[in-house]
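Take a look at the structure below.
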Amino acid sequence: MKILVVDDTSTILDVISDYCKRWGHHVITASDGARALECCRAESPDLILMDVVMPIMDGFEATSKIRKLMGRNWVPIILLTALDRDQDLVKGIESGADDYLTKPINFTVLREKVRVMERISNIQGQLSESLKRLQDYRDRAEEESRLAAHVMGRILGFRQINDSLVTYRVLPAVHFSGDLVACAYTPKGELHVVLADATGHGLVAALNVIPIAEIFYDMTARGSPIANIAIEMNHKIRKLMPRERFVAAVLLSVDRERETIHVWNGGCPTALFLGKNGRTLKNFNSSHLPLGVLPEKDFDSNFESYSYSSSGQFLTYSDGLLEAENPHGVPFGFASLIKILPETKETERADRILSALRRHLGNAPQLDDVSLVIVKCDTTHQST
């Protein structure tokens with residue numbers, strides 16, 4: 001090690017330095033605390049043997065200033081002192097010293113203390129190197145995440161939802177959302193909406209919903225019914241993804257001319273059709289397994305239909321909403337959602353739901369992606 005020996009008595013300084021050199025260490029010296037501080041700036045020693053009673057700047061002050069100078073770079077400091085009162089020793093430790101040895105110095109004890117500090121210093125060096133590697137890894141991971149988030153955003157968000165009939169919110173648990181919300185019109189003017197919730201969250205879950213988006217937009221543009229879209233989505237996910245990676249989804253088709261909606265719910269929480277007062281007029285329970293679970297021969301594409309005689313709203317959401325837990329482990333739950341709906345205006349429901357969710361979470365982390373979609377279904381036949 002590079003050892004800095006600090007003492008205002010030249011004889012003691014020479015003797016300690018000589019012993020340290022015999023033990024195989026490189027030695028630099030200083031005759032007072034101020035010069036010791038200068039040596040630390042210039043030499044960055046691995047260990048400091050610090051006398052306490054010195055002119056200009058004593059060992060206590062020098063130790064304190066060295067600690068501030070070195071910051072997070074820990075350097076062990078052993079005080080060498082003729083003071084043996086408990087309060088002096090406590091003062092030395094409080095100033096930042098790691099150990100002490102009273103004078104006259106027992107060089108056998110000093111050698112063992114140096115060896116201990118050398119082992120600790122080596123461990124500290126290994127930890128510092130490991131932390132540096134971890135920081136480098138984190139920096140690379142964050143840069144890759146930023147790039148991946150940009151690419152995923154371009155892939156999944158290349159058609160922004162800008163429709164007066166559709167209100168949606170997506171709250172990712174991490175950088176990437178495994179939930180997808182998309183809407184588009186068929187050539188005949190039917191509105192198609194999909195909410196998809198891939199297994200897990202983050203980048204892996206986000207990758208699962210890429211084929212969902214592509215199929216949804218392409219088949220809707222060709223006028224395919226949601227039953228056919230569900231079949232193709234299921235086929236594609238089984239073809240591309242591992243078996244444990246499936247996607248819960250709600251597919252909605254709104255025919256405003258006939259005032260009818262068609263709903264396919266595979267693995268998502270109960271979707272709702274709400275009247276003007278926010279009361280539930282129709283439940284659309286999950287009657288199918290998520291996309292990607294069943295082979296094509298066993299897949300059921302049948303959907304539920306509902307005719308609305310008065311204006312209302314269709315509401316669907318991912319399970320991240322209901323399962324979000326507060327600091328006491330209590331989930332948000334379906335009852336909390338139902339309570340909010342009749343208490344809010346139609347135009348404010350999405351934001352009121354998320355505000356209630358945030359209050360429920362408190363300081364607890366959001367562990368899963370949360371998404372919701374509200375689709376206005378009116379009987380006025382007004383164009384969008």
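Numbers here are sequence positions counted from 1. This structure is a prediction, so every number in the text was calculated from the model and none was measured.
A salt bridge between Lys376 and Glu346 is absent, with no side-chain N of the basic residue lying under 4.0 Å from a carboxylate O of the acidic one. Note on Asp218 versus Arg222: no salt bridge recorded, every NZ/NE/NH1/NH2 to OD/OE distance being 4.0 Å or above. Salt bridge present: Lys282 and Glu304 bring a charged side-chain N and a carboxylate O closer than 4.0 Å. We find that Asp51 and Lys103 are joined by a salt bridge, their nearest charged nitrogen and carboxylate oxygen being less than 4.0 Å apart.
Side chains of Thr220 and Glu190 form no contact here, defined as non-hydrogen atoms less than 4.5 Å apart. Side-chain contact between Ile353 and Leu372 is present, with at least one heavy-atom pair separated by less than 4.5 Å. Contact check for Ile66 versus Ile48: side-chain heavy atoms found under the 4.5 Å cut-off. Counting heavy atoms from C-beta outward, Pro269 and Asp319 have side chains that approach closer than 4.5 Å. A 4.5 Å side-chain heavy-atom check between Arg111 and Arg115 finds at least one atom pair inside the cut-off. Between Ile261 and Phe314 the shortest side-chain heavy-atom distance falls below 4.5 Å. You'll find the side chain of Leu47 reaches within 4.5 Å of the side chain of Ile78, heavy atoms only. With contacts defined as side-chain heavy-atom distances shorter than 4.5 Å, the pair Arg256/Leu191 does not qualify.
No more than 12 heavy atoms of other residues, nucleotides or ligands sit less than 6.0 Å from atom CD of Glu296. Counted within 6.0 Å of NZ on Lys65, heavy atoms from surrounding residues, nucleotides or ligands total 12 or fewer; the atom is thus considered open. Shown here is Lys339, whose NZ atom has no more than 12 heavy atoms of other residues, nucleotides or ligands within 6.0 Å.
By the rule that hydrophobic residues join a cluster once side-chain heavy atoms approach within less than 4.5 Å of another member, Val293 and Ile215 end up as members of separate clusters. When the side chains of ILVMFWY residues are joined at heavy-atom separations under 4.5 Å, either directly or via intervening members, Val5 and Val53 end up in two distinct hydrophobic clusters.
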With a cut-off of 3.5 Å and sequence neighbours excluded, list every side-chain donor-acceptor pair involving residues 123-135.
| residue | atom | partner | partner atom | Å |
| --- | --- | --- | --- | --- |
| Ser128 | OG | Gln124 | O | 2.9 |
| Ser130 | OG | Gln126 | O | 3.0 |
| Ser130 | OG | Arg133 | NH2 | 3.4 |
| Lys132 | NZ | Asp136 | OD2 | 3.3 |
| Gln135 | NE2 | Asp139 | OD1 | 2.9 |

Determine all donor-acceptor pairs shorter than 3.5 Å in which one atom belongs to a side chain in residues 224-234; sequence neighbours excluded.
| residue | atom | partner | partner atom | Å |
| --- | --- | --- | --- | --- |
| Ser224 | OG | Met219 | O | 3.4 |
| Asn234 | OD1 | Gly292 | N | 2.7 |
| Asn234 | ND2 | Leu294 | O | 2.9 |

Output a table of donor-acceptor pairs, distance under 3.5 Å, between side-chain atoms of residues 324-331 and any protein atom two or more places apart or on a different chain; print 'none' if there are none.
| residue | atom | partner | partner atom | Å |
| --- | --- | --- | --- | --- |
| Asn326 | OD1 | His328 | N | 2.9 |
| Asn326 | OD1 | Gly329 | N | 3.1 |
| Asn326 | OD1 | Val330 | N | 2.9 |

Contacts table for residues 89-101: side-chain donor-acceptor under 3.5 angstrom, sequence neighbours left out:
| residue | atom | partner | partner atom | Å |
| --- | --- | --- | --- | --- |
| Ser95 | OG | Gly92 | O | 2.6 |
| Asp98 | OD1 | Trp74 | NE1 | 3.3 |
| Asp98 | OD2 | Arg67 | NH2 | 2.6 |
| Asp98 | OD2 | Ile77 | N | 2.8 |
| Asp99 | OD1 | Lys113 | NZ | 3.2 |
| Asp99 | OD2 | Lys113 | NZ | 2.9 |

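Atom CD in Glu214 sits 7.5 Å away from atom NZ in Lys236 (nearest 0.5 Å). To the nearest 0.5 Å, atoms CG (Leu354) and CG (Leu321) are separated by 7.5 Å. For the atom pair OG of Ser287 and CG of Asp300, the computed distance is 7.0 Å after rounding to the nearest 0.5 Å. Distance CD/Glu343 to CG/Asn277: 12.5 Å, rounded to 0.5 Å. Atom CG of Asn73 is separated from atom OG of Ser44 by 6.5 Å, given to the nearest 0.5 angstrom. Taking NE2 of His26 as the start and CE of Met1 as the end, the distance is 12.5 Å to the nearest 0.5 Å.
Using cut-offs of 30° and 60° for the angle between ring planes, the Phe273 and Tyr308 rings count as parallel. Between Trp264 and His288, the angle of the ring planes stays under 30°, which puts this pair in the parallel group of the 30/60° scheme. Using the six-membered ring where Trp is involved, Tyr19 and Phe107 have ring planes that are parallel, under 30° apart on the 30 and 60° scheme.
The only option from Val6, Leu49, Thr11 that meets the side-chain contact (heavy atoms from CB on, under 4.5 Å) definition with Ile16 turns out to be Leu49. A side-chain contact (heavy atoms from CB on, under 4.5 Å) with Val250 is found for one member of Val194, Asn265, Thr270 and no other, namely Asn265. Of the listed residues (Leu357, Leu361, Leu322, Asp197), just one forms a side-chain contact (heavy atoms from CB on, under 4.5 Å) with Val370, and that residue is Leu357.
Asp32 meets the salt bridge (charged side-chain N to carboxylate O under 4.0 Å, His left out) test with Arg35; sequence neighbours excluded. Arg169 meets the salt bridge (charged side-chain N to carboxylate O under 4.0 Å, His left out) test with Asp351; sequence neighbours excluded.
In summary, the side chains of Ser318 and Asp179 do present a donor paired with an acceptor at a separation below 3.5 Å, with no hydrogens or angles considered. Of the N and O atoms on the side chains of Asn283 and Asn285, not one donor lies less than 3.5 Å from an acceptor on the other residue. No hydrogens or angles considered: nothing links the side chains of Ser121 and Asp46 as a donor-acceptor pair under 3.5 Å.
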Go through it in stages, so that I can follow the logic: the residues are Asn106 and Leu110, the test is side chain to side chain contact (heavy atoms under 4.5 Å, CB included), and I'd like the CA-CA distance, side-chain angles, deciding distance and then a yes or no. CA-CA 6 Å; Asn106 183 321; Leu110 177 61; over 6 Å; no
Ser371 vs Leu195, side chain to side chain contact (heavy atoms under 4.5 Å, CB included): CA-CA, chis, key distance, verdict: CA-CA 8 Å; Ser371 59; Leu195 182 148; 3.6 Å; yes
I'd like to know whether Thr199 forms a side chain to side chain contact (heavy atoms under 4.5 Å, CB included) with Val247, so could you lay out the CA-CA distance, the side-chain angles of the two residues, the decisive distance to 0.1 Å, and finally the verdict. CA-CA 6 Å; Thr199 306; Val247 180; over 6 Å; no
Please step through side chain to side chain contact (heavy atoms under 4.5 Å, CB included) for the pair Thr316 and Leu252, ending with a clear verdict. CA-CA 10 Å; Thr316 186; Leu252 168 70; over 6 Å; no
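The nearest pair of heavy atoms linking Ala62 to Met57 is CA-SD, 3.7 Å. Contact between Pro290 and Gly267 at its shortest, heavy atoms only, is CG-CA, 4.0 Å. Closest of all the heavy-atom pairs between Met50 and Ala36 is CE-CB, 4.3 Å. For the pair Arg349 and Ile374, the tightest heavy-atom approach, listed with the atom from each and the gap, is CB-CD1, 3.8 Å. Pairing each heavy atom of Cys268 with each of Ala249, the nearest pair is SG-N, 3.5 Å. Contact between Cys40 and Leu4 at its shortest, heavy atoms only, is SG-CD2, 3.9 Å.
Side-chain N or O atoms of Ser17 include one that pairs as donor or acceptor with a backbone N or O of Leu13 at under 3.5 Å.
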